[in-house]
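Contents: one structure, followed by commentary.
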Amino acid sequence: MGEGRLFAVVLAPLAAAALSLLLRRVPLGPPAVSVLAAAIQFSILLSLLPGTLSGLPAETAALPLAAGASLRLRADALGLLFALVSSGLWAVTAVYAAGYLGATGEKRLGAFYAYLGVCLSAAAGIALSAGPLSFLVFYEILTLATYPLVVFTGKPAAVAAGRKYLVYALGAGQLLLVATVWALWLAPGAEFTPGGFLAGRASPAALSALFFLFAAAFAVKAAVMPLHGWLPSAMAAPVPVSALLHAVAVVKAGAFGFLRLTGFVFGPALTGELGAGRVLAWAAAATIVIASLRALGETNLKRRLAYSTIGQLSYIVLGAALGSTAAFAAAAFHIAAHGLMKITLFFCAGGLYAHAHVEDVSEMNGIGRRMPLTMGAFALAALGLAGMPALAGFLVKWNLGWGAADAGRPLFIAVLIVSAVLNFAYFFPIVHSAFFGKGGGNLRLEEPSAALWGPPVLTALGALAVGLFPDAGASLYRLAWAAARACAGGAP
Amino acid sequence: MSAFHYAACGALFLLGLHGLLFRPNLLRKLMALNVLQASVVLFYILLAAKRGASPPVLSGPGPVEAAAFINPLPHALMLTAIVVSAATTGVGLALLIRIHRLFGTLQEPEIREKTGLS
Amino acid sequence: MNALPVLIVATPLAAALVPPLLALASVRAAKAWSLAAQALCLALSIAALRAVLAGGPLRHALGGWPAPWGIECVLDAFSAALAVLVAGLAVLTTVYAWDWEDRRGPVREGAFQSLFLLLLAGLLGMLAAGDLFNLYVFLEIASLSSYALVAAGPGREAPLAAFRYLILGGAGATFWVLGLGYLYALTGTLNMADLSSRWPAISASPAAAAGLGLMVAGLALKMPVFPLHGWQPGAYAASPPQLMPFIASAGSKVMAYAIFRLLAGTLGSEGQAGRVLEALAPVGLLSVAAGSMLALTQTDVRRMLAYSSVAQLGLLFVGFSLGGRWAVIGVFWHMLAHAVLKSCLFMAAGSVARRRGSCEIDDFAGLGRTAPLTAFCFASAGLALIGLPPAAGFFGKWYLLRGALDAGAWVSLSVVAASGLMTALYVFRLLERMYLAPPPESKRVEPMGPWGAAPMLALAVAAILLGVFNQPLIAAFIEPARLAATGGRG
């Protein structure tokens, strides 16, 4: 049931991509098409919510693609959560990108929105993949579709970043291919199952090897250190790309892969038994701390955000690795929370660059007095990421802390605290100097066009709303918990 | 046939292979290929040969004593192989004529120098 | 008795006599004749394949002499499927070359068509041969015509490349005959079916191993795999560009066919045949690694594609040696995929060579803007070659990996996986140039006509569709071919 709707979710962005190319000469044609497609996609996803929350997720028929493995879409809680986030943020980004590309004098709107559409289609496919083969197919399509956006400007730095990205991502793709074939060889025809499907299928040594093969493949996209090298370089892409792909769709696909891995392929119990969870958790913890320190050292705003992303993504990896229900829920919810907040920060960075040509942290003195809306959104998102109560980030840290305690590893709470402190350390000076720093003159409104400040204000308010009313209605928070409870086998 | 015959045949094979790989002159390479092919022809003939046997030509009616004749099949095969060898040599010679017209020499190192090809 | 196995060979062989005469009157007529003969050949191959799938192998004893005394032509599901592939590629290549004028006059063009038909006859003859000596004869027919075709290439280096090909190719064929002599001395037969029944008695003999080794080395040289590839990059770069789609994709598959037919089909992978099959693995692995690395260092795109073939053909050896159901399915799929993809890539490269007069990497700069269709086809086939899902190349690797897991062959597993990344490196090296570099101003741009574009686009689309529909294709053709090739074993 719900077949047509699931296909529509994946096909809507593709249709938008094709239309963007056709309408590339129509002023604002491509963005309008994208916003429309995103709205359609989002409302279809909303219509899938009740079924998912009642435990009867919509799914398509299985399309046999290779012997013992088929292509199938299913809107389970975790997938729907990721799909909703990427779809919603796509709509916002489509508006923002029109403003940004206009402000920077970029003419190739059709191509830009077309590639973006393919990426979003792949992201939706990843989110709704019911099994490892579907996941692999969409994962590789996402890799490929992102490349033209990374090199979009054609500048030497972008071309070099594109090469680096390809080597990392295609290398990871090969690992994922081997891991997928192996997993399906052990369990022919298996699909993602809450609680995993590999228990008892092979010796612990073989299963551990398989786990780390998967983990290495996902670690590249999720930028877990030391496989993160491509992400800071990829900031050479235009800002909307960094915002949507390097804060939401691409990197989250990797983090989402970790959730699928520990929750649905191996299952929390097996992950714990193998001891793989502990190794992964420490890798994530190390990444959180080191990336935060690196972020402190970067003065280029986008690069600082990139390192912040690397650190924040590992919260998800950590939550996936800890194995307790609360930690898993926190990790799943962080897909939404971090998405909302990080995209806000990137939008603001883009606004600053396009409007005031500010790229470096040191140039931001007093900028908050000239662009209060942009910097207000920035402040809200930055504090939220650092974990200020009442914002979405706090909820994540709180649950992650509980989860660590539940899993009997309270040491990780210390990691969370250190990370929160470091987050404050690299964000607070920016916010402080923007509003209270010397220079930049007095308060006078000099905001860029509404397309540049509207989206970040909207996403920042979204982050606030999600943080204040997490349980309201059929919310993302409930989806995250539903996914986590399913993986734990119904335990609270 | 004795081991000596086969050894001679093997020596011929190696001689041809060596020339074909290491001779700088293209015409000599082609001749070496011919030597190589000839050694294989010889090998088949040796397989068929039997001391004291005669070619398989029936002299008249009566019971046929198969053991008195040599095996005719390898001879037939080698006729074909010789034809192939001749055809290859023909194509090779035609190519050499063109190469000589183009470069004025058949020495491989010199041609390499002239064309810059590896 | 069924005449189809003979007819598919006799048709191009007989048709080859006519084009030189016809070309004197009209070059177009000669081409049309050649195309018609190839199309007939394709139709006959399809008919043969249908008959084989419905009722088992087709056999024809020439002159009514029964095997093993007489000469037998046989088509089974494996050889008939390959015959369809080879004839199909020939038709596509001739269509592609339709409006490609040879400035050196009608005599040339006639000879050209004639040689092309002879090459096709040789390759189809190898597929239909029921005994190992006839396989050699057809191998030489194919080889002699390809030497001449390479020599007909446009550049000064063409006769030189052809001569090198002739010397090494001649040596390779001689190896095959010599090895065959060993087998004949041991068993007294040349017929494959007969040999199959006599093999168990001598399968452990070291002489048999030597013979098989020589025969396989001879064909491996013609395929070619590393380190026997010395003739190939030069020959590929010097050949007439309009023929490369066929030369680069069809011949190597038929050579691989002969190796597998001999070792696994005829000798059932038993005894020394099994050991020779196992010994193919290191050769294949080396070929994958060396071919990919050498491909990365080339500046001429045709040479790059040639080394890429060395690497991709190495994968065939890896799969052969793994044996097992899924590995063999993977290999056969890869043969199909590689044939389609490589001919598409060479069509795109050929159209660049035609436009620019050379085929260097820099000639591809800005192709995405100056020739979007060619660029699209090259990109599509290139990405499929890397093995990105769900394109054709992906599933060859998928099944090969599965076969490697079945066999517990970890080294093969890693090399198959790594080959994708190595392929990506040299493919993206070009894609980057095509889509990001500005086009060179100086050289004239000549749009490609519909004749050139249609087959190229068809193959580029096939590169993706084949992958999506791999399941029905495997069930309909590759599984029967596997059963025929391995005699139901494995």
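Since we're looking at a predicted model, the values are computed, not measured. First the proteins, then the strands, lettered A, B, ... as listed; each starts at 1. Below, all heavy atoms of this structure are taken into account, side chains as well, without hydrogens, waters or symmetry copies.
Using a 4.5 Å cut-off between heavy atoms, C:L431 does not touch chain A at all. With a threshold of 4.5 angstrom between heavy atoms, A:L170 approaches chain C through its backbone and through its side chain. For C:L383, the part lying near chain A is the side chain, with the backbone staying farther off; criterion is any non-hydrogen pair under 4.5 Å. Only the side chain of C:L388 comes within contact range of chain A, with at least one heavy atom under 4.5 Å from a heavy atom of that chain. Of the two parts of A:Y147, only the side chain, counted from C-beta on, holds a non-hydrogen atom closer than 4.5 Å to a non-hydrogen atom of chain C. Looking at A:A158, there are no atoms closer than 4.5 Å to chain C (heavy atoms on both sides), in backbone or side chain. With a 4.5 Å cut-off on non-hydrogen atoms, A:W185 touches chain C through its side chain but not through its backbone. Contacts of C:L436 with chain A are made by side-chain atoms alone, with heavy-atom separations under 4.5 Å and no backbone atom involved. With a 4.5 Å cut-off on non-hydrogen atoms, A:L144 touches chain C through its side chain but not through its backbone. Proximity to chain A is limited to the side chain of C:Y399, based on heavy atoms less than 4.5 angstrom apart.
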Decide yes or no on side chain to side chain contact (heavy atoms under 4.5 Å, CB included) for C:F394 and A:L65, but give the supporting numbers first. CA-CA 11 Å; C:F394 174 74; A:L65 195 60; 5.8 Å; no
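Side chains of A:T180 and C:W398 form a contact here, defined as non-hydrogen atoms less than 4.5 Å apart. Looking at A:V167 and C:L425, their side chains come closer than 4.5 Å, going by heavy atoms from C-beta outward.
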